[in-house]
Visitor: 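Below is the structure I would like to discuss, written out as structure tokens.
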Amino acid sequence: MPFDLVLDHALVPELSDRPLSIAVENGLIAAIGADIGSGRVHEDAGGRLVLPGFVDSHIHLDKSCILDRCRAEGSLAEAIAEVGRLKADFDEADIHARAEATLQKAILQGTTRMRTHAEIDTRIGLRGFHALQRLKRDYAFAIDLEICVFPQEGLTNDPGAEDLLVKACMEGADLVGGCPYTDTDPDEQIARIFAIARRFDLDVDFHLDFDLDPSWTHLDAVIAATEANGWQGRVAVGHVTKLSAMPRARVADYAARLARAGVAVTVLPATDLFLMGRGREGDAPRGVAPAHLLAGAGVTCSLATNNVMNPFTPFGDCSLNRMANLYANIAQLGRKAEMALCLDMVTRQAARLMRCEGYGIAIGNPADLVVIDAVSPAHAVAEIAPVVMGFKRGVKTFERPLARLIRPLAEAPSAVR
């Protein structure tokens, strides 16, 4: 019997240095090899790199695409205040429309799994959360979307926000997050977030240490709470830009502690680079945490989008390959293995951070496949190679024709002499 789909001439470097065929049956990878038989549908990867999809471990779909409504963009405090001013007037339809446009961009850039944060507070209520729940259902054919609810404006200083967080968890939030640096009592917020996580058996994802002052940090409290609650392997922290301002020895100490506690780290290169180091007239720091050093010490690390077209990040096309390239530039990583690591942090490591089941090109796993116009992971990052086509559970969800040079009919390439 023929397979449902056979993707021919797929380059999967971890399996072979030669192109293979990947067969799909009932949405799962059924066979991988050089001669695996026929399929009802055949697609040709053309000897290009095939990945199990990009994984965006940290994005804010609910506040994307609002740049045209903003009066200012600048510091982190200004960005939070500007969104706070606007979101009281967001309705569910508006959030859904903006988030949908951004989600479609991500899918067309090869993202097959995503964690979106949803702001929960007394200004927005559950409107953003409900809009994202609709998107999760509507786009399940193309992407696995999980929703992390969190209090952007603080928790202990916003009476009613905690009840809303609990309500969202009761209504099916996938995990709960925090933002201690906006709270009047950061340690209490951390404790309450873990209490909610324990009550609903949810993973935790914190926005953390988003400045360049290394004299204080909330990272110690999160590591301690992770270990005290037995939540090792279930906690992630995003930004942690303070790490970029610390001496290497101190970073190494935190890396060892993070690895031991099973706390993963997401670095947001575009936002962190845009917001950090403002006010410096010269010698401005990059302000991006050294994900490659943390990963080298055994910390699960990802690179992610964070924001698109808003005052936190007034640009973005949802390309995680572009984000990997941006990080490689910021961190001055140019060796093949280093660039491959950058790609790993938007694929396998990001999937590990999100505890994605069945991720990877292996028999029995979901047939989530993305074809990249590259011949190696390093090449893909170096050239920000375009995505050619993608499949979700063996069903083709998008394709993008490659650019083609068109010469005038009367003109031919010069002959080689």
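What you see is a predicted model, and the numbers here were worked out from it, not measured in a lab.
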Visitor: Are L353 and V55 packed together at the side-chain level, in the sense that at least one heavy-atom pair is separated by less than 4.5 angstrom?
Guide: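 Not in contact.
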Visitor: Do you see a donor-acceptor pair shorter than 3.5 Å between the side chains of H42 and D8?
Guide: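 Yes, a side-chain donor-acceptor pair sits under 3.5 Å.
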Visitor: Between E188 (side chain) and D185 (backbone), is there a donor-acceptor pair under 3.5 Å?
Guide: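 Not a single qualifying donor-acceptor pair exists.
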Visitor: Is the closest basic N to carboxylate O distance between R123 and D158 below 4.0 Å?
Guide: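 D158 and R123: salt-bridged.
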Visitor: Flag the pair L165 / I196 as yes when at least one side-chain heavy-atom distance between them is below 4.5 Å, and no otherwise.
Guide: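 They are in side-chain contact.
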Visitor: To the nearest 0.5 angstrom, please state how far the SG atom of C148 sits from the CG atom of D174.
Guide: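 If I round to the nearest 0.5 Å, the distance is 9.0 Å.
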Visitor: Which atom names give the shortest non-hydrogen contact between G172 and F129, and what distance separates them?
Guide: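 That would be C-CZ, 4.2 Å.
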Visitor: Check whether any side-chain heavy atom of V50 lies under 4.5 Å from a side-chain heavy atom of L11, and answer yes or no.
Guide: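 With C-beta onward as the side chain, the pair stays apart.
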Visitor: Please round to the nearest 0.5 Å and tell me the distance separating atom CG of L275 and atom OG1 of T313.
Guide: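 With rounding to 0.5 Å, CG (L275) is 6.5 Å from OG1 (T313).
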Visitor: Salt bridge check, R69 against D94: does any charged N sit closer than 4.0 Å to a carboxylate O?
Guide: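 Yes, this pair counts.
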Visitor: Would you say the side chains of H379 and E383 form a donor-acceptor pair under 3.5 Å?
Guide: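 Result is yes, a qualifying pair exists.
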Visitor: Check whether any side-chain heavy atom of V237 sits under 4.5 Å from a side-chain heavy atom of T266, and report yes or no.
Guide: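 In short, these two side chains do not touch, never coming nearer than 4.5 Å.
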Visitor: Under a 3.5 Å distance rule, please check whether D89 uses its side chain to pair with a backbone N or O of R85 as donor and acceptor.
Guide: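 Checking the backbone N and O of R85 against the side chain of D89, no donor-acceptor pair under 3.5 Å is found.
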Visitor: Test of understanding: with salt bridge (charged side-chain N to carboxylate O under 4.0 Å, His left out), list the residues that count as partners of K167, not counting sequence neighbours.
Guide: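 K167 satisfies salt bridge (charged side-chain N to carboxylate O under 4.0 Å, His left out) with E171 once adjacent residues are dropped.
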Visitor: Between E14 and R348, is there a salt bridge with N-O shorter than 4.0 Å?
Guide: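 Judged by the 4.0 Å cut-off on N to carboxylate O distance, R348 and E14 do form a salt bridge.
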Visitor: Which distance, rounded to the nearest 0.5 Å, do you find between the SG of C318 and the CD of Q104?
Guide: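 The SG atom of C318 sits 10.5 Å away from the CD atom of Q104.
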Visitor: Please evaluate residues D56 and R113 with respect to the criterion salt bridge (charged side-chain N to carboxylate O under 4.0 Å, His left out), reporting the C-alpha separation (whole Å), side-chain torsions for both, the decisive distance (0.1 Å), and the verdict.
Guide: CA-CA 6 Å; D56 202 330; R113 306 191 189 210; over 6 Å; no
Visitor: Mind listing the closest non-hydrogen atom pair of P269 and Y327 along with its distance?
Guide: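 Closest approach of P269 to Y327, heavy atoms only: CG-CB, 4.0 Å.
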Visitor: Starting at CD of Q109, measure out to CZ of F398 and round the result to the nearest 0.5 Å.
Guide: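 Here the rounded value is 8.0 Å.
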Visitor: In this structure, which one of D62, L103, V149 forms a side-chain contact (heavy atoms from CB on, under 4.5 Å) with L132?
Guide: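 Going through D62, L103, V149 one by one, the side-chain contact (heavy atoms from CB on, under 4.5 Å) with L132 is satisfied by D62 alone.
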Visitor: If we count only N and O atoms by modelled type, under 3.5 Å, do the side chains of N325 and N329 hold a donor and an acceptor together?
Guide: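 Note: N325 and N329 side chains meet the donor-acceptor criterion.
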Visitor: Between T305 (side chain only) and N307 (backbone N and O only), is there a donor and an acceptor less than 3.5 Å apart?
Guide: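 No, T305 side chain to N307 backbone: no donor-acceptor pair under 3.5 Å.
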Visitor: NZ of K396: more than 12 outside heavy atoms within 6.0 angstrom?
Guide: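 Counting neighbours around NZ of K396, more than 12 heavy atoms of other residues, nucleotides or ligands fall under 6.0 Å, so yes.
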Visitor: I want to check something: taking the side chain as every heavy atom from C-beta on, are F194 and V235 in contact at a cut-off of under 4.5 Å?
Guide: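 Yes, close enough: below the 4.5 Å cut-off.
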Visitor: Assess whether a salt bridge exists between D213 and K242, defined as any Lys/Arg side-chain N lying under 4.0 Å from an Asp/Glu carboxylate O.
Guide: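 No, this pair does not count.
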Visitor: Can you list the steps and then say if L369 with L7 is a side chain to side chain contact (heavy atoms under 4.5 Å, CB included)?
Guide: CA-CA 9 Å; L369 306 168; L7 179 63; 4.1 Å; yes
Visitor: Taking all atoms of both residues into account, what is the closest heavy-atom pair of G287 and D272, and its distance?
Guide: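 So the two residues come closest at O-CB, 3.6 Å.
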Visitor: When you compare the side chains of Y254 and D220, does any donor N or O come within less than 3.5 Å of an acceptor on the partner?
Guide: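 Yes, side-chain donor-acceptor contact under 3.5 Å.
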Visitor: Quick check against the 3.5 Å criterion: does T182 have a side-chain atom that pairs as donor or acceptor with the backbone of C179?
Guide: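 Indeed, once roles are kept as given, a pair shorter than 3.5 Å links the two residues.
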Visitor: Under the criterion side chain to side chain contact (heavy atoms under 4.5 Å, CB included), I'd like the reasoning laid out for V267 against M345: C-alpha separation, chi angles, the key distance, then a yes or no.
Guide: CA-CA 10 Å; V267 173; M345 290 192 286; over 6 Å; no
Visitor: Taking R393 for the side chain and P366 for the main chain, is one N or O donor matched with an acceptor at less than 3.5 Å?
Guide: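 No, because the side chain of R393 does not come within donor-acceptor range (under 3.5 Å) of the backbone of P366.
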Visitor: Does this structure show an ion pair linking R234 with D203, if we count only N-O contacts that are shorter than 4.0 Å?
Guide: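 Looking at R234 and D203, the cut-off is met.
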Visitor: Tell me whether R127 is salt-bridged to D91, with the criterion being a basic N under 4.0 Å from an acidic carboxylate O.
Guide: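 Result for this pair is no, no salt bridge flagged.
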Visitor: Would you check, one step at a time, whether the test side chain to side chain contact (heavy atoms under 4.5 Å, CB included) holds for F391 with L5?
Guide: CA-CA 10 Å; F391 304 82; L5 167 73; 3.8 Å; yes
Visitor: Ignoring hydrogens, what is the shortest heavy-atom contact between A10 and I22? Give both atom names and the distance.
Guide: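 That would be CB-CD1, 4.0 Å.
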Visitor: I would like to know whether S302 and Q349 meet side chain to side chain contact (heavy atoms under 4.5 Å, CB included); could you show each step before the answer?
Guide: CA-CA 6 Å; S302 68; Q349 290 211 40; 5.5 Å; no
Visitor: Treating N229 as the side-chain partner and W231 as the backbone partner, does any N or O pair qualify as donor plus acceptor under 3.5 Å?
Guide: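 Not a single qualifying donor-acceptor pair exists.
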Visitor: For this output row, return yes or no: ring centroids of H60 and H207 closer than 6.0 angstrom.
Guide: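 So the answer is yes for these two rings.
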Visitor: Could you check whether any side-chain N or O of R98 sits under 3.5 Å from a backbone N or O of S64, counting only pairs where one atom can act as donor and the other as acceptor?
Guide: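 Indeed, once roles are kept as given, a pair shorter than 3.5 Å links the two residues.
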Visitor: State whether a side-chain donor-acceptor pair under 3.5 Å links Q152 with K63.
Guide: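 Result is yes, a qualifying pair exists.
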Visitor: A side-chain contact here means heavy atoms from C-beta on lying under 4.5 Å apart; do D121 and P151 qualify?
Guide: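 In short, these two side chains do not touch, never coming nearer than 4.5 Å.
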Visitor: Kindly indicate, with the supporting measurements, whether the criterion ring-ring contact (aromatic ring centres under 6.0 Å, His included) is fulfilled by F315 and F274.
Guide: CA-CA 10 Å; F315 31 69; F274 180 72; 5.7 Å; yes
Visitor: Measure the shortest side-chain to side-chain distance between L155 and F150 over non-hydrogen atoms and say whether it is less than 4.5 angstrom.
Guide: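 Counting from C-beta outward, L155 and F150 never come under 4.5 Å.
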Visitor: Assess, by modelled atom type and distance only, whether the side chains of H58 and N306 contain a donor and an acceptor separated by less than 3.5 Å.
Guide: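 The criterion, which ignores hydrogens and geometry beyond distance, is satisfied for N306 and H58.
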Visitor: Just wondering, do L28 and N365 contact through their side chains at under 4.5 Å, heavy atoms?
Guide: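 No. Closest side-chain heavy atoms not under 4.5 Å.
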Visitor: At their closest point, which heavy atom of S244 faces which heavy atom of T241, and how far apart are they?
Guide: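 Where S244 meets T241 most closely, the heavy atoms are OG-O, 2.6 Å.
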Visitor: May I ask you to decide if A195's main-chain N or O and R198's side chain share a donor-acceptor pair within less than 3.5 Å?
Guide: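 Not at all, since once roles are kept as given, no pair shorter than 3.5 Å links the two residues.
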Visitor: Does K136 reach the main-chain N or O of E146 with its side chain, forming a donor-acceptor pair under 3.5 Å?
Guide: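 Flag not set: sc K136 to bb E146 has no pair under 3.5 Å.
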Visitor: Any donor and acceptor pair, going by atom type alone, linking the side chain of R250 with main-chain N or O of P214 inside 3.5 Å?
Guide: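 Present.
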Visitor: For a quick test of reading the model, state the closest non-hydrogen atom pair linking T111 to I143 and the distance between them.
Guide: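 The answer is O-CD1, 3.7 Å.
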Visitor: CG of D68: more than 12 outside heavy atoms within 6.0 angstrom?
Guide: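 Count over threshold, so yes.
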Visitor: Could you tell me the separation between the CG atom of L61 and the CD atom of E100, rounded to the nearest 0.5 Å?
Guide: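 The distance works out to 11.0 Å.
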Visitor: Roughly how far apart are L51 CG and N321 CG, rounded to 0.5 Å?
Guide: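 Between atom CG of L51 and atom CG of N321 there are 8.5 Å.
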